[in-house]
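Beneath this line is the structure, given in structure tokens, with notes to follow.
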Amino acid sequence: MVQDPGEPGEDTSEPRGGAVGPSRAEAGDGANGVPEPEAEERSSAAGGAGPSPWSRAAELLPHSWRGYARNFSWRDLPWPRPAPWRYRSSRFEPGPLGLLGVMLAAMAVTLLLIQTGSGGARGEGDELAEEPVTVPGPPAGELRLMLVGDSLTQGSSGDYTWRFHLWSHLREADVEIDFVGPRDDLYGLDDGEPGNRDYADPGFDTDHAARWGTSTRELATGVAEVAAEHAPQYLLLLAGTEDILAGHGADHALEGIGETVSTVRVVQGETRFVIGELPAVEGTGDDGRFNEEIARFNMGLVDLARQLTSGDSPVVVARVADGYAPARDNWDEAHPNARGELRIAAAFADALADPLGVGRAFERPLPRLPVGPPTAPEPVAEETGDGLVLSWEAVPGATGYRVVQRRVEPDPDEASVLPVEVEDDGGERSVLVESLFSGARYEFVVRPFKGRDEGAESEPLQLVWDDDPPPGPDGIGVRDGGATVVWDAVEEASHYEVWVRPLDCVSADERRSPGVPADVDGMPGSPDGGAAPPDGGADPSPPAPDPVPTDPPLPDPGPTPAPEAPLPAPSEPDGGCERRDGRGPEDGEGWRTLGSAGEEPRWTATVSGAYEVVVRSYRDYVEGGFSDSALLGGG
């Protein structure tokens, strides 16, 4: 992998540990006699099988709520169909168990205050607030990690997800881990539903507790029951982007984070928490306002972690925003591509390593990963009456495709993106390519895109388009006293080409057989029976015909260019001219092309003298058949 040296915003220094708060004074039972949850759990363990953490939390509720809480199941919560953030209501609407979540969170905060023996956050002058926290080391054996969050954590079809990169890093560091949670899926971009499992690399522990499009308040509603079922020792939380993009602001998101931590502690008191900063967004149409709220969230998260930290349950901040550049690390306004996923994973790995003592920090600089859909399309071609159809199976995670065309031969051209619409037919994509030259060889490449990131392109597909030759013209003849050659139009032809060669012409003397007696006086060699010329020489030769003019240029596209040298002048046909051998340009001698005659089935003669003429049909670059021959000036 290519390293990513010195990118803007890249922190190449030693990784910094996450923020962790000061220790709290430990206390036993509170003033109201409410037992410490951890102490109760130890007591139950000593005396035999005690009630579950969720049951204990339910017993602390008012009597009228206890049955409701005992029968609560996180899986029964309706999965919200996430609409794009720009269309969401600006008013927070809690789910069916929102009141229960709020009550649990309030109860948890009360218990925390009782445990610490204080009535609220410590002032700056409180000596205990300055005491360093003794962070507990990792428990023995396999570590149970639950990754909680929104779309940034769940990921969408075709993603690796930052869960994959963190799992790979911890395994390479020889850390025994088990990712836990009620889900193992991605969000499907094609159907807009959860349940997709098209991971770019499914070879890791895919369990998680993240939901696409959910807010921090919605997470807090059901996270206690999930924590009670899966008993995570470490809870890694990345959420709040949905709150801010929906217009709720940083304070709303921070309150949801606090509720989530407090609610989990009700049932899992010694859970270690790693909470991620939010990365910036780009392309929302209101980036300045949103990124200002994100910055406020990240600043407030550090203070919130200090307030929530306890001796047995530290809260650490993962520096996700440090060096994160959305133009490089996101595939759309807010969702990470492979590079962004790696940066998020590295921030969480750094926080786990220091101060929590799990694994080691990520090496810097981070490798520069390829982005976009990693699966290359495999196009196939089919010739139809409307044009060439290219089709391929849909690539997981691709939000669009581009088809690149290049003419290989003849007359190679530059590769260009075709302005065609990609048709969606379930699991198949296709395009119709028109305006191709028959007989030309073309190359096509299909490139998938996820948002603004180009993925793995297909292998080049080469083919010769429509190479069946058209038939030769019929009905060739000479008109206008030899000035024009005409023929029947060929429906499949785009243009025609004219070929000529001199006729085989002889004089009357050459045609007379040797030894024939003279007509009158027996004087051979005299056509009129008279004497031979006084000097005994031969008759003077007839004058040579006019020279053949230069051949017209061949239009593009067209067949072989016209000959460079002029045609030889044939003999004067005073004794008659005839075809040499009855053969055409394919197997006869002496034929020369005069180039393209254009699209019309007629040709104005550009030669004078005795010639044999044939016409060839063309469809673009495909050579067709020849016509029969016609005679020019043959007498």
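All values derive from a computational prediction rather than experimental measurement.
For the 3.5 Å distance criterion, the side chains of Ser494 and Arg619 fail to qualify, holding no donor opposite an acceptor. A side-chain donor from one of Tyr621 and Asp411 sits under 3.5 Å from a side-chain acceptor of the other. In this structure, a donor-acceptor pair under 3.5 Å is present between the side chains of Asp243 and Thr216. Under 3.5 Å, the side chains of Asp185 and Asn196 contain no donor-acceptor pair of N or O atoms.
Once rounded to the nearest 0.5 Å, the distance linking CZ of Arg479 with CZ of Arg602 reads 9.5 Å. The distance from atom CG of Asp286 to atom CD of Glu333, rounded to the nearest 0.5 Å, is 12.5 Å.
Remark: Glu383 CD is packed, more than 12 non-hydrogen atoms of other residues, nucleotides or ligands lying under 6.0 Å away. The environment of Glu428 atom CD is dense: over 12 non-hydrogen atoms of other residues, nucleotides or ligands sit within 6.0 angstrom. Under a cut-off of 6.0 angstrom, the local environment of CZ in Arg171 is sparse, with at most 12 non-hydrogen atoms contributed by other residues, nucleotides or ligands. Surrounding CG of Asp467 are more than 12 heavy atoms belonging to other residues, nucleotides or ligands, all under 6.0 Å away. The neighbour count for Arg402 CZ, taken as heavy atoms of other residues, nucleotides or ligands under 6.0 Å away, does not exceed 12. Crowding of Glu142 atom CD: a count of heavy atoms from other residues, nucleotides or ligands under 6.0 Å exceeding 12.
Proximity of the aromatic rings of Tyr496 and Trp487 is defined here by a centroid distance below 6.0 angstrom, and this criterion is met. Tyr442 has its ring centre no less than 6.0 Å from the ring centre of Trp465. The aromatic ring centroids of Phe179 and His208 lie 6.0 Å or more from each other.
Put simply, the side chain of Asp178 never gets that close to the backbone of Leu143: no donor and acceptor are under 3.5 Å apart. Remark: the backbone N or O of Leu189 is paired with a side-chain donor or acceptor of Ser157 at under 3.5 angstrom.
The shortest heavy-atom contact between Thr399 and Gly451 is OG1-N, 2.7 Å.
The shortest distance between side-chain heavy atoms of Pro469 and Val622 falls below 4.5 Å. Phe626 has its side chain within reach of Glu586: a pair of non-hydrogen atoms, C-beta onward, lies under 4.5 Å apart.
Tyr199 pairs by the ring-ring contact (aromatic ring centres under 6.0 Å, His included) definition with Phe204, not counting sequence neighbours. Not counting sequence neighbours, the partners of His335 by the ring-ring contact (aromatic ring centres under 6.0 Å, His included) test are Trp212, Trp331. Listed by chain and residue number, Tyr401 satisfy the ring-ring contact (aromatic ring centres under 6.0 Å, His included) test with Trp392 (two or more places apart in sequence, or in another chain). Annotation: ring-ring contact (aromatic ring centres under 6.0 Å, His included) contacts of Tyr234 (sequence neighbours excluded): none.
For the side-chain hydrogen bond (donor to acceptor under 3.5 Å, both in side chains) with Tyr618, the lone residue among Glu599, His495, Glu497 that qualifies is Glu497. Residue Ser629 forms a side-chain hydrogen bond (donor to acceptor under 3.5 Å, both in side chains) with just one option from Glu612, Arg501, Arg583, and that option is Glu612.
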Got a list of side-chain donor-acceptor pairs under 3.5 Å for residues 412-425, not counting sequence neighbours?
residue: Asp413; atom: OD1; partner: Arg407; partner atom: N; Å: 2.5
residue: Asp424; atom: OD1; partner: Gly426; partner atom: N; Å: 3.3
residue: Asp424; atom: OD1; partner: Arg429; partner atom: NH1; Å: 2.8

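Residue pairs meeting the ring pair (Phe, Tyr, Trp, His ring centres under 6.0 Å) criterion with at least one member in residues 405-424, sequence neighbours excluded, do not occur.
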